[in-house]
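Only one structure is covered here, and it is reproduced in the block below.
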Amino acid sequence: MDGNTVLELYRKMWVVRAFEQGLEREFKKGNVPGMLHTGLGQEAVQAAIANSLRKTDAFFPDHRAHGLLVLAGTPGEKIMAELFGKATGVCSGKGGSLHSADPSVGNFGDNAVEGSMMATALGVGLAYKMQKRDDLAAVIVGDGTAGRGEWHESLNLAATWKLPVLYCCVNNGYAISTAVGDSHATAELYEFACAYKMQSVQVDGNDVVEAARVTAEAVDWIRQGKGPFFIEYKTWRWQGIFSGEFRPAEEIRYWKEEHEPMKLARDYMVKNHIADDAVLEQIKAEVEAQVETWITFALESPPPDLSKATANVYVGWEVETR
Amino acid sequence: MDGNTVLELYRKMWVVRAFEQGLEREFKKGNVPGMLHTGLGQEAVQAAIANSLRKTDAFFPDHRAHGLLVLAGTPGEKIMAELFGKATGVCSGKGGSLHSADPSVGNFGDNAVEGSMMATALGVGLAYKMQKRDDLAAVIVGDGTAGRGEWHESLNLAATWKLPVLYCCVNNGYAISTAVGDSHATAELYEFACAYKMQSVQVDGNDVVEAARVTAEAVDWIRQGKGPFFIEYKTWRWQGIFSGEFRPAEEIRYWKEEHEPMKLARDYMVKNHIADDAVLEQIKAEVEAQVETWITFALESPPPDLSKATANVYVGWEVETR
Amino acid sequence: MKRMSFVQALNDALDIMMAEDERVFLLGEDIGHMGGDFGVTRGLFTKYGGERVRDTPLSEAAIIGTAVGAAMVGMRPVPEIMFADFLGTCYDQIVNNAAKMHYMFDGQFKAPIVIRTAAGGGFGGGPHHSQSVEGWFMNVPGLVIVGPSTPQDAKGMLIACIENDNPVLFLEHKALYRVRGDVDEGKFSVPLRKAHIAREGTDVTIVASMKMTHEALAAAEELAAENISVEVVDLRTLRPWDTQTVLESVAKTGRAIVANEAPKMGGLGSDVSATIAEECFSHLKAPVKRVCGLDTPIPFSVPLEKVILPNKDDIKKAVQDTLAH
Amino acid sequence: MKRMSFVQALNDALDIMMAEDERVFLLGEDIGHMGGDFGVTRGLFTKYGGERVRDTPLSEAAIIGTAVGAAMVGMRPVPEIMFADFLGTCYDQIVNNAAKMHYMFDGQFKAPIVIRTAAGGGFGGGPHHSQSVEGWFMNVPGLVIVGPSTPQDAKGMLIACIENDNPVLFLEHKALYRVRGDVDEGKFSVPLRKAHIAREGTDVTIVASMKMTHEALAAAEELAAENISVEVVDLRTLRPWDTQTVLESVAKTGRAIVANEAPKMGGLGSDVSATIAEECFSHLKAPVKRVCGLDTPIPFSVPLEKVILPNKDDIKKAVQDTLAH
Ligand SMILES: Cc1ncc(C[n+]2csc(CCOP(=O)(O)OP(=O)(O)O)c2C)c(N)n1
Ligand SMILES: Cc1ncc(C[n+]2csc(CCOP(=O)(O)OP(=O)(O)O)c2C)c(N)n1
Ligand SMILES: [Mg+2]
Ligand SMILES: [Mg+2]
């Protein structure tokens, strides 16, 4: 992979990392309402996906994909403001973390009922096909979603109708506290795709170079009209469960120190003489500074106008107010 | 397979055949309310299943398994009366064709929402395991059910929890009018089980000897505590769609003449000197005569007492009447 | 004007919209060469092809999800769920996806889908093929629920729904499929959110919909012989329903019966009754009465089903009781 | 008597029932070593093991189906659906399987399951983590819906539900989880289908449940200062609800407010209002008023959420308006 692309991926990863770290800090301060799921530890997956999609594609982000929303092209401050529930957010603060859509960049929003979007993505893929566009619909789902009936309904229909759907399965090993292998017939989720004879691969989701290469290939395949593609990204989330950490110390060490996505990318670039530490530090510093401006923007933004509470329930019809 | 067993299977097949033919005749006369799905053409599958289960097992019949309900041990007249909506039916006429349960023989009733029972069967299997019984739960589903989300949720959980569940998938080629291969990623549905690493076989569902052998082996496997088993019975239903036949003439000929279950069984028995035509004709005649007595019983039975309309909504509580 | 059945009127509406607007497409089980379980899509597969009249597997959640996704990018999908009873298998898609999308993304997306489905009982269909399901969805903001009672309304409202930008649950009562009536030819629409005075009267108002409108009209006819003048309001749009027309009628008559095939507790009938009682308090000469299904699932046996479903006679009796108050 | 939180009371009930009856078992997402998203099952995994406290995949339909199947053969499953909003994904299993089984098989099977789930809004959870869902299920015969408002009722009713032979949807309002109160020790049960007079009064009756009971009590307290005597009826069982207690109260006070967190149209509030208006017609001095959520999904932003959810002040105003009628 050429050096510039890797550097660009690295910057993208930092956008995810810095965004989530800033967000988490503000959440702890009480500035972010609701619940918080972060993409920390999964930066490489998000950078790889962002690297392969174009604005006319559709993507359905999962609950940890805040960084991806920014990488897709929405100004960071508008995503941050949405998560703060502010008027300046992409959905005027009505969606929040789990529902931050921005059609202008192909962001179709999350749906907090895990798996639901797998069905929605079929429709986008089908419509694009009917409209003779060569765009695709990517849907990002966690390993936990593999239990849902919609998983099956979606994969089956996408395969049968050869729809341009990219399944990005982020296998971070757990659904909240439950290990993927404890609740599914296999812990290697790409194997599920065998039932549908669907193209399917597993990739190291912490190795951004590999993840980006595989994602690009899958996107290529889909654009050629060959039907859907399933990618399982093996990764690990830093966030434990709400009440704290529950995973073994050695597992934590492996993923947060040894097989950590930033470190792997840095090692790769240094080894391949793509960049030195100074350049990489500068990228990090630049991104972090930028994220702070987004947080400031979000903090300083006003809450939504109260009339928004009853707006857009129905298209064209008003609902009763108090 | 020993001769007596085959003869017994043959008799069972005739129970299915004669039951459905009598029922269809009465339906056309207007004596049977609601909708009618018959098991004609699928007699070997039902005989094979009945042959392998015991009364302490649970089974969830599909919408074409009327004959199986009788084979399981319920007096035929009580099933017939149920389908006629009569007071003397197994559910006092409140369930009808799609909901004729009889716990005394392990018949857990159908659920007309296809696929729903696949989830229910998990619970029976789980409970039997927790109760340390070596009984199993068999669930009979059509090829059409393979589209349902519950298909996946059920297979995944049965495999993960190693539950004593037998999946009997009756692949008769169509869901109403839609060919199985047109709406699923594969027309060979046993392949779906690969996702769950579940034991899975395809068998000629019109060959009662083979079907019975495979079913018995699967039941054995499950009773040994090895987990669930999936059987795909390849067969064909005589009933077309409500508005008539839609399948190619050659296909019809093949299944109704050449590869017809009664004929295959007869050929087998004659070839293996198990029985001659006279014996076989007698079985047929005996069963047919018996079925007529069930029909007479059903016809002559009174409608349910009107108080049944509001009975058993809640356990122990009454509901308002007019 | 042409005489046709409810089924034909629906078929006509689909045909007109598909011919006119290539964004309109259908998906569902056996709607293709078979033409649907009740024949509503008959002939459309041949005319418009399998791309626009799509047979699906038994994947109700995917059917609705697919429709929603396609609608988000400009299509006008008309999914069919064979029996309304099966809507439970895609309830989440309707309630949490289709109905909330426009709101939660603050207007950036919309989900103009029309979910056609066969509802209602009275034919021995048993517990899973006979239910009236509007009550399942009445408490869902963002969703439109429509239930016509005549071929003319069936056609005009289906066209209106396809042209409307909101997700619609379009209920087709099975007992009405064979009902025939005069239907305007060509394209026209019958407005949503407008109830229809199906019969004018002065003594009592009956608010009904779908099959119950016919039961109410039959009751009204018989009551006329007793010199009782009944006004029948056919809701047509069940959510959000036309309070104005209903309240004006009750303000005039001073008495109201609400007829609904579903069980009384928690049904559409309760919503209408509560609203009338609250808003027409000073006009009411007698308590509103709900004539509804009994609080049971629907039994297979036809005589039992007759016990639990409300009918013309129940309505008549309610009118008489109300007038005797 | 012991002071404990709503969560602890529920946990205590489960512990007591699991210790006493080995047929009782729990299943759901992350209810095992994690103890559930809200801690209701904490400690039970360690005490009773993974066989009886079962972590499941995100398979809501299978969770309910499994519970129903196990219940059919004598077990007493208590499935947890993490958030009530997700009940749409297993709606069919609840409505067409659990709730109809006893009836359609004419008493031969029953489905004694207790579906525990976290409901309600007010914490910035957004459109898919905040809904009040009783309205989705109010029109479903065969189903019991329970929604306690105090730790004492939470414990006693959960025990009653586990001992009851019917399928129960047991709603736990998230805003009440941390509420503390005095709870009887050991095993006891609070009867189903019996509303509770949470405060006695003579001028007006407020019918409420769950969090709205607390809002109503707070309003009543403030209104007392204005010399208005408010009676608060806490429904506790929402389906089938206790008409007798409610009607007796309204017969006494002659005025009624129905408070429900869900949207007004098609909700529990409509059912209660309609029934009061029909049955207490001659006692009512003013129209019943429903104080409910606005007809919208639930927005993420907390100030917007405050606009759409009903509260103490809305109830107060309704009482004042009613008295001014
Ligand atoms: C249908 C549904 N069931 C349950 C939940 C609650 N829930 C939210 S996230 C989550 C775990 C999801 O795990 P996974 O998909 O692996 O994502 P991760 O958080 O590990 O990234 C659960 C159970 C939900 N949102 N939707
Ligand atoms: C969830 C659901 N969707 C649709 C239907 C309507 N329906 C009844 S039978 C059937 C076809 C089922 O096909 P299959 O399972 O292959 O059974 P077959 O009739 O061929 O034996 C359909 C679509 C249903 N009962 N349940
Ligand atoms: Mg995960
Ligand atoms: Mg079939």
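Below, chain A is the first sequence line, B the second, and so on; all start at residue 1.
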Step-by-step side-chain contact (heavy atoms from CB on, under 4.5 Å) determination, M34(D) to I176(A): CA-CA 9 Å; M34(D) 185 171 110; I176(A) 307 189; 3.3 Å; yes

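- Heavy-atom neighbours of K28(A) NZ from other residues, nucleotides or ligands within 6.0 Å: at or below the threshold of 12.
- In terms of heavy-atom proximity, M35(A) sits nearest to F83(D) at SD-CZ, 4.2 Å.
- Ranked by non-hydrogen atom pairs under 4.5 Å with chain A, the options L294(D), L58(D), T296(D) are led by L58(D).
- The aromatic rings of F246(A) and H33(D) sit tilted relative to each other, their planes meeting at an angle between 30° and 60°.
- For the set S59(D), G125(D), S130(D), the count of heavy-atom pairs under 4.5 angstrom toward chain A peaks at S59(D).
- Of all the listed residues (G96(A), S97(A), S307(A)), the one sharing the greatest number of non-hydrogen pairs under 4.5 Å with chain D is G96(A).
- Interface remark: K306(D) contributes no atoms to any contact with chain A (heavy atom separation under 4.5 Å).
- With a 4.5 angstrom heavy-atom cutoff, P303(A) touches chain D only via side-chain atoms.
- Proximity to chain D (any heavy atom under 4.5 Å) is restricted, for L98(A), to the side chain, taken from C-beta onward.
- Residues of residues 142-158 of chain A that come within less than 4.5 angstrom of chain D, heavy atom to heavy atom, are G144(A), G147(A), R148(A) in numerical order.
- Scanning both residues, H128(D) and N111(A), for their nearest heavy atoms gives CE1-OD1, 3.2 Å.
- Proximity to chain A is limited to the backbone of C292(D), based on heavy atoms less than 4.5 angstrom apart.
- Interface residue L309(D): only backbone heavy atoms are found under 4.5 Å from chain A.
- Taking 4.5 Å as the heavy-atom cut-off, the residues of residues 308-322 of chain A that approach chain D are K308(A), A309(A), T310(A), V313(A), Y314(A), V319(A), E320(A), T321(A), R322(A), ordered by number.
- L304(D) and L306(A) get closest at one heavy-atom pair: CD2-CA, 3.9 Å.
- For S116(A), no part sits under 4.5 Å from any heavy atom of chain D, backbone or side chain.
- Residues T178(A) and P57(D) are not in side-chain contact: their nearest non-hydrogen atoms beyond the backbone lie 4.5 Å or more apart.
- With a threshold of 4.5 angstrom between heavy atoms, V307(D) approaches chain A through its backbone and through its side chain.
- By the 4.5 Å heavy-atom criterion applied to side chains, D55(D) and D182(A) are not counted as neighbours.
- Here the shortest heavy-atom pairing between F300(D) and F84(A) reads CE2-C, 4.4 Å.
- Put simply, of S177(A), P33(A), G34(A), the one with the most heavy-atom pairs under 4.5 Å next to chain D is S177(A).
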